[in-house]
Amino acid sequence: MRAIDWFQSDQGGLGYISLIDQTLLPDALTTLQIRTVDELIECIQRLAVRGAPALGVAGAMGVALAAQNGNTVTARADALRLRVSRPTAVNLAWGVDQALEALERGTQAVLTVALSIRDQDVIGSHAMAKRGYELLADLLPEKMASGLNLLTICNTGALAAVERGTALGVIEEVFLRGNLKNVFACETRPLFQGARLTAWELSNMGAPHQTIVDSAANFLMAQGRVDAVLVGADRITANGDTANKIGTFSLALGAQFAGIPFIVVAPETTIDCETATGDLIDIEDRGTEEVVVINGKVMSPAGTTSVNPAFDVTPARLISAIVTDQRAIRPALNELPSDEVANEMTATFRF
Ligand SMILES: CSC[C@H]1O[C@H](OP(=O)(O)O)[C@H](O)[C@@H]1O
């Protein structure tokens, strides 16, 4: 079952978006039928649908909903509201923009673009899985043979895309080829995408895994218990700086301290060459309640407020490699990015 897809209903031929409500996992696997842009915006903002690639598909399919439910003026207005429903993942705006370009050619033209984006995401996720596996085999041949201990954060599997996903798709490939010893999945406070979603996906795969509290990750790396860190991305800027789930920057620091590869896996559609450097990325702050309320229990005294950035930014110089559906930038095999490699990344990404 795909995290997000499009279906044509028999009710007058109008189509709708089908999506898994990820807020209910792992306790319940429930799909929703989304027929309006307002319903889709609500699902995006409460993370019923989430993950950069999935948001790109949702953005494009949302424009198709808008086109079939209204005239081009109201459709464009609805699409622009959808475009800004979450600010950090560039894929959402990109998906909306791609579909909007077809709006004047009619609803079917918009839907054709949206379904193409969906299908390209599937192809890309398989390409990233293969390319990421090959990179790990190049970087860690001996450890690959004995079985890799990998660490990841948030959820970057099929739930964050259409199929397979990004970083977790690479981990799946390592598992399917018999080279996975264990996955440490950071629980990923405050919304527990790791403990809930990544653990669910790894369990469904039958892959060996353990969840950890986020703050344990760097200690495990320092102990030598992690061979590589693989993470997703929500926006990669022209110089290779990468926005991803909060806690990712800390993992990159831990990986550099431990001398292990820190690998970002993301489709080309996550690269935003219009934004020069990571400090320019709009980082979503999701407010106090998500931090102080856990399973309905308020953990802090009334009046306590929180800073709750949903993402952070990892500087390109801390990133060992960026694997996309089309390429992989690889550091010298025996060192983490030096200034030269970081400059190469900058040169490579600055189109
Ligand atoms: C496959 S990239 C998914 C990316 O999106 C997640 O954020 P959120 O759960 O808030 O949508 C996280 O940053 C993942 O790395």
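In listed order, ligands and their atoms are each counted from 1. Note that the structure is a prediction, hence the values are computed from the model and not measured.
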I'd like to know if the side chain of [X] pairs up with that of [Y] as donor and acceptor (distance under 3.5 Å, no hydrogens or angles considered).
| X | Y | result |
| --- | --- | --- |
| Arg196 | Asn155 | no |
| Glu268 | Thr324 | yes |
| Asp279 | Thr277 | yes |
| Asp38 | Thr36 | no |
| Arg50 | Gln22 | yes |
| Gln120 | Arg118 | no |
| Asn218 | Ser250 | yes |

(message) Checking Asp272 against Arg235 for the salt bridge (Lys or Arg N to Asp or Glu O under 4.0 Å) test, could you report, in this order, the C-alpha distance in whole Å, the side-chain angles of both residues, the deciding distance, and whether it holds?
(response) CA-CA 6 Å; Asp272 170 17; Arg235 190 183 297 250; 2.8 Å; yes
Judged by non-hydrogen atoms, does [X] sit under 4.0 Å from ligand 1?
| X | value |
| --- | --- |
| Glu284 | no |
| Ala52 | yes |
| Ala233 | yes |

Counting only nitrogen or oxygen atoms and a 3.5 angstrom limit, does [X] reach ligand 1?
| X | value |
| --- | --- |
| Thr166 | no |
| Pro53 | no |
| Thr156 | no |
| Lys245 | yes |

(request) Would you mind reporting whether Thr31 and Met1 have side-chain heavy atoms less than 4.5 Å apart? (result)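 In short, these two side chains touch, coming nearer than 4.5 Å.
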(request) Check each heavy atom of Asn155 against ligand 1 and say whether those closer than 4.0 Å belong to the side chain, the backbone, both or neither. (result) backbone
Nearest neighbour in protein (non-hydrogen) for [atom]:
| atom | answer |
| --- | --- |
| atom 9 (O) of ligand 1 | Arg50 NE, 2.7 Å |
| atom 5 (O) of ligand 1 | Asp234 OD2, 3.2 Å |
| atom 12 (C) of ligand 1 | Cys154 SG, 3.4 Å |
| atom 14 (C) of ligand 1 | Asn244 OD1, 3.5 Å |

(message) As an exercise, identify every atom of ligand 1 less than 4.0 angstrom from a heavy atom of Gly51.
(response) 3 (C), 5 (O), 11 (O)
(request) Could you list which atoms of ligand 1 come closer than 4.0 Å to a heavy atom of Leu47? (result)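 The list of qualifying atoms is 10 (O).
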